[in-house]
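Beneath this line is the structure, given in structure tokens, with notes to follow.
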Amino acid sequence: FAAPTSTFLATGGGANGERSFTLPRAPGELTAAFLERFCTHSEFSAGHPLALFLFLPAPTAADSVLRNRYLAGIPHSWLIEDNDLPGSGGAILLSISGATLHPFNLAGRTAGWYWEDARGRHLVAGGQTEARRDGGPELEIAALYALLDAALINAGFAFPDIWRTWHYHDRILDWYDDFNRIRTEHFNRHDMFHRLVPASTGIGATVPDGPRAVVTLRACRPAPDVTFVAAPSPLQCPAPAYGSSFSRGVEMHAGTAHH
């Protein structure tokens, strides 16, 4: 969060395409002031929001009013940021313009959006959680994966279509081995180690409304001339080589274009 940044990937010609917008919170800036500044920024309304990551202090009652006003219907993850150091908090928004979007439903609610273009059928599902609290966080992630299996099929996708995940889990280091074991078991059930292991971010983060496991994902059912391949990191060994089930990065190859 060093400075505001905006990137644009043209996927539909002209002004149509995907956007990523990052806005840092100023040191000492109140959450309500930041939300007003972020949600009234021109980039916030430049496309249809797909997923949103907020790195902010735990919301007050006034913050929650603004959250409901601006973010209702936008899949998002509110991740608690507890300090006021420069660059310590802010927001990242993924959005799209020029696409016909269809709701991705999970457990009776809109949890993301999918669309189609020349490169295939695409899905972004943000801030996914599992409501159960009757066991450890590893049970939450196992139940969430099961929910995602069914929801992906209903939307015309499959679990192996996932190519990118963001995992924000409470006290992740305390149960990373259990989380990775459950993820590995699920990937094995779908034969993903012989297909594509998704790129992933895994960070310990507290979520104010209670879930201990929060996942955002991207998936694609590619067109015949489009492939997804794991991208190596020259200074790091592949994570599966030491038993952790994620890729360092993933590239989409579409003809001569690589993303």
Side-chain angles (χ1 to χ4, degrees), residues 1-11 17-25 50-55 77 79 81-83 85-94 119 122 124-126 137-138 141 145 159-188 190-206 213-220 222 226-259:
F1 292 106
T5 60
S6 178
T7 59
F8 178 72
L9 172 63
T11 56
E18 295 184 42
R19 295 178 178 273
S20 174
F21 173 54
T22 299
L23 186 69
R25 182 170 68 102
L50 296 172
L52 172 62
F53 302 93
L54 297 160
F55 301 87
S77 302
L79 308 161
E81 175 62 68
D82 285 329
N83 64 64
L85 295 175
S88 66
I92 302 171
L93 174 69
L94 306 179
R119 294 171 177 170
H122 309 273
V124 175
E138 65 275 9
I141 196 68
Y145 279 168
F159 202 87
D161 294 329
I162 297 173
W163 60 269
R164 179 69 163 97
T165 61
W166 293 261
H167 288 270
Y168 292 98
H169 300 335
D170 190 30
R171 303 179 66 87
I172 190 172
L173 294 181
D174 291 352
W175 62 285
Y176 183 85
D177 289 346
D178 289 329
F179 157 60
N180 189 58
R181 173 180 52 79
I182 291 165
R183 176 173 59 178
T184 300
E185 291 171 354
H186 205 80
F187 285 7
N188 274 322
H190 289 284
D191 198 31
M192 294 176 75
F193 294 101
H194 294 100
R195 300 180 182 185
L196 176 71
V197 177
S200 187
T201 297
I203 295 177
T206 302
V214 179
V215 180
T216 292
L217 64 88
R218 298 201 59 155
C220 179
V226 175
T227 57
F228 286 81
V229 298
S233 176
L235 299 180
Q236 298 172 295
C237 72
Y242 59 81
S244 201
S245 297
F246 67 93
S247 293
R248 300 291 183 188
V250 167
E251 290 183 344
M252 179 179 70
H253 294 182
T256 59
H258 293 183
H259 301 289

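These values consider heavy atoms only, across backbone and side chains, with no hydrogens, waters or symmetry-generated copies.
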If you define the side chain from C-beta out and look only at heavy atoms, does anything of [X] sit under 4.5 Å from [Y]?
X      : Y      : answer
Met252 : Val226 : yes
Glu251 : His253 : yes
Val215 : Ile141 : yes
Phe246 : Pro240 : no

After noting the C-alpha distance and the side-chain angles of Leu52 and Ser77, does the key distance pass the side chain to side chain contact (heavy atoms under 4.5 Å, CB included) rule?
CA-CA 6 Å; Leu52 172 62; Ser77 302; over 6 Å; no
Trp163: which residues meet the ring-ring contact (aromatic ring centres under 6.0 Å, His included) condition with it, sequence neighbours left out?
Phe228
Is it the case that the side chain of Ser247 and the backbone of Val197 share a donor-acceptor pair, with hydrogens and angles ignored and the cut-off at 3.5 Å?
yes
Exam field: side chain Arg248 to backbone Cys237, donor-acceptor pair closer than 3.5 Å:
yes
So, Thr216 and Tyr168: side-chain donor and acceptor under 3.5 Å apart, yes or no?
no
Aromatic centroids of His167 and Phe179 separated by under 6.0 Å
yes
Glu18/Arg218 under salt bridge (charged side-chain N to carboxylate O under 4.0 Å, His left out): CA gap, chis, key distance, verdict:
CA-CA 13 Å; Glu18 295 184 42; Arg218 298 201 59 155; 2.8 Å; yes
Is Arg164 close enough and on-axis enough to Trp166, meaning under 6.0 Å and within 45°, for cation-pi?
yes
Quick one: do Leu93 and Arg19 satisfy side chain to side chain contact (heavy atoms under 4.5 Å, CB included)? Show the steps, please.
CA-CA 8 Å; Leu93 174 69; Arg19 295 178 178 273; over 6 Å; no
Could you tell me whether Arg171 atom CZ has more than 12 heavy atoms of other residues or ligands within 6.0 Å of it?
no
Under the side chain to side chain contact (heavy atoms under 4.5 Å, CB included) rule, what do Asp191 and Phe193 come out as? Steps first, then yes or no, please.
CA-CA 6 Å; Asp191 198 31; Phe193 294 101; 6.0 Å; no
Test log, rule side chain to side chain contact (heavy atoms under 4.5 Å, CB included), inputs Val250 and Leu196:
CA-CA 9 Å; Val250 167; Leu196 176 71; 4.1 Å; yes
Which atoms form the tightest heavy-atom contact between [X] and [Y], and what is the distance?
X      : Y      : value
Pro222 : Cys220 : CD-O, 3.3 Å
Ser245 : Asn180 : N-OD1, 3.0 Å
Arg119 : Ala254 : NE-CB, 4.0 Å
Trp175 : Asp170 : NE1-O, 2.9 Å
Ile172 : Gly202 : CD1-C, 4.1 Å

